[in-house]
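Each chain gets a letter, A, B and so on, in the order its sequence line appears, and its residues count up from 1.
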There are 2 protein chains.
Amino acid sequence: MKYTDADQGPSDTAEEIMEATLRALRKHGYANLTMQAIADEFDKTKAVLHYHYDTKDELLVAFLDYLLDRFIRRLDFETIDDPDARLSALVDRLLLEFDDDTSDETAPGFPAALLEVRAHAPHNDSYREQLTLNYELLKDMLTTIIDDGIEQGVFNPVDSEQTATLILAAIMGGRDYYSTTNRECVGEEVRDALQDQFLSELRTSDRT
Amino acid sequence: MKYTDADQGPSDTAEEIMEATLRALRKHGYANLTMQAIADEFDKTKAVLHYHYDTKDELLVAFLDYLLDRFIRRLDFETIDDPDARLSALVDRLLLEFDDDTSDETAPGFPAALLEVRAHAPHNDSYREQLTLNYELLKDMLTTIIDDGIEQGVFNPVDSEQTATLILAAIMGGRDYYSTTNRECVGEEVRDALQDQFLSELRTSDRT
DNA sequence: GTCTATAAGAAGATAGAC
DNA sequence: GTCTATCTTCTTATAGAC
């Protein structure tokens, strides 16, 4: 899992395959994500997929890596010094602005695609390992922000790990409900609930 | 979606098929959930499945109904009057005691099975409608408990809907992380975080 | 209602030409 | 590296006997 980006760019075939796989997944869903469906999403044939990846499973493991890399890279918000603003920005990114794909408005978005792959982790050790690392990375990010906030006196002295765990779980739950129900506003609702019922208490002074 | 239980019991073939489908799903995962795999889990043949359900899709829609019915029925905890104790019991049920299947310790449990089906909601309108109803049912349950608690003076006067939204999102996020990562303790961690960092603030007096 | 047998198509994967 | 063509297996679904 490479969360760095020192490569030459997204111009080689492997990268094109990953992009095609994402398009195919959004169109057909994980259950109907065939090699043919992936091949149909770019200008080469099915055989090319097997040239670059021995098996479909191998391709999908690489694809989850691609998804998580993309997911994390998307969080690289402009550096904000204030831990309070930084935390709010992170929450907003994860709960509101998670649809960066404007290619096809009808197909499910990125969070749904990620959810579909995530859901198969119980039956795939590689998936579970990647997702465990991703969870710990996110939790560390949140814990650090909260610790910084406490140190700078903008947050009350709480258990930063527990606080991070709770925020992260709420965010993920909100994302999942957004993808799996018709309540399209659930992202905003969870964001507002998190802000009004929890983060407001976390702040030392409630500066509106 | 029938959350009532006025039937004659789980003795007919349709019920057996649902139970077999759950076993097959836990064993093989949604991606490899074939009609043959389901048939192998009970004492009748594949043709019987098509006799009772015209298509595989139809069977799976009925199966999600069965899963959600089971999920909700499992929450029927002994009637607790105190809203505080009732809320804690509900949170514990959803985050700790969700593995009621002791049939196969190696296969993923019930929450993972439900997650796998849930994940396909973006591509299945029937799934999404059922899951929307389920979300609203859970949220109403939580909202009612919180309103009762406020009325009885055991909870502070908060926005009960926002509070329910936040608790529900955290619970679902915790369940999903439990199923998709190797952090087997994440259920307990989210429960503790919810209790120590949020519910303790909700109570009018912090009675340990 | 349940069985066996089979149709009809789609899946992952490979062979060999270019 | 990429193509076309093909192999083999698996899939959903049905037909017809009991």
Which is true for [X] with a 4.0 Å heavy-atom rule: it touches a base, it touches only sugar-phosphate, or it touches nothing?
{"X": "Asp57(B)", "value": "nothing"}
{"X": "Asp43(A)", "value": "sugar-phosphate"}
{"X": "Thr34(A)", "value": "sugar-phosphate"}

In whole angstrom, what separates [X]'s [atom1] from [N]'s [atom2]?
{"X": "Ile17(B)", "N": "dG1(C)", "atom1": "CD1", "atom2": "P", "value": "11 Å"}
{"X": "Leu49(A)", "N": "dG1(D)", "atom1": "CG", "atom2": "C1'", "value": "13 Å"}
{"X": "Tyr30(A)", "N": "dA11(C)", "atom1": "OH", "atom2": "C1'", "value": "15 Å"}
{"X": "Ile38(A)", "N": "dA10(C)", "atom1": "CD1", "atom2": "P", "value": "18 Å"}
{"X": "Asp54(A)", "N": "dA13(C)", "atom1": "CG", "atom2": "P", "value": "9 Å"}
{"X": "Asn32(A)", "N": "dG9(C)", "atom1": "CG", "atom2": "P", "value": "18 Å"}
{"X": "Leu60(A)", "N": "dG12(C)", "atom1": "CG", "atom2": "C1'", "value": "12 Å"}
{"X": "Gln36(B)", "N": "dT9(D)", "atom1": "CD", "atom2": "P", "value": "17 Å"}

In terms of side-chain heavy atoms of [X], which of [options] is nearest?
{"X": "Thr55(B)", "options": "dA13(D), dT2(D), dC3(D)", "value": "dA13(D)"}
{"X": "Lys44(B)", "options": "dT14(D), dT2(C), dA13(C)", "value": "dT2(C)"}
{"X": "Ala47(B)", "options": "dC3(C), dC3(D), dA13(D)", "value": "dC3(C)"}
{"X": "Tyr51(A)", "options": "dG1(D), dA15(C), dT12(D)", "value": "dG1(D)"}

Q: Please check the phosphate of dA5(C) (OP1 and OP2 only) for any side-chain N or O of Thr45(B) closer than 4.0 Å.
A: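 Answer no for this pair, as no side-chain N or O of Thr45(B) is under 4.0 Å from OP1 or OP2.
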Q | Short side-chain N/O contact to dT14(C) OP1/OP2 from His50(A), under 4.0 Å | A |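 Negative; the distance criterion is not met.
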Q) If you pin Lys46(A) and His52(A) to their nearest nucleotides in DNA chain D, which one's is more 5'? A)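 The residue whose closest nucleotide sits nearer the 5' end is His52(A).
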**Q.** Check: Tyr30(B) ring centroid to His120(B) ring centroid under 6.0 Å
**A.**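 Tyr30(B) vs His120(B): aromatic centres under 6.0 Å.
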Q. Just checking, is any N or O donor in the side chain of Ser200(B) or Gln195(B) under 3.5 Å from an acceptor N or O on the other one?
A.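 Per modelled atom types, Ser200(B) and Gln195(B) side chains form no pair under 3.5 Å.
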Q: Side-chain contact test, heavy atoms from C-beta onward, threshold under 4.5 Å: evaluate it for Asp140(B) versus Leu137(B) and give yes or no.
A: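 Answer no - side chains too far apart.
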(Q) Taking the basic N atoms (NZ, or NE/NH1/NH2) and the acidic carboxylate oxygens, is any pair closer than 4.0 Å for Asp69(A) and Arg73(A)? (A)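 Yes, this pair counts.
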Q | Approximate separation, where rounding is to 0.5 Å, of Gln130(B) CD and Asp125(B) CG | A |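 Output value for this atom pair is 11.5 Å.
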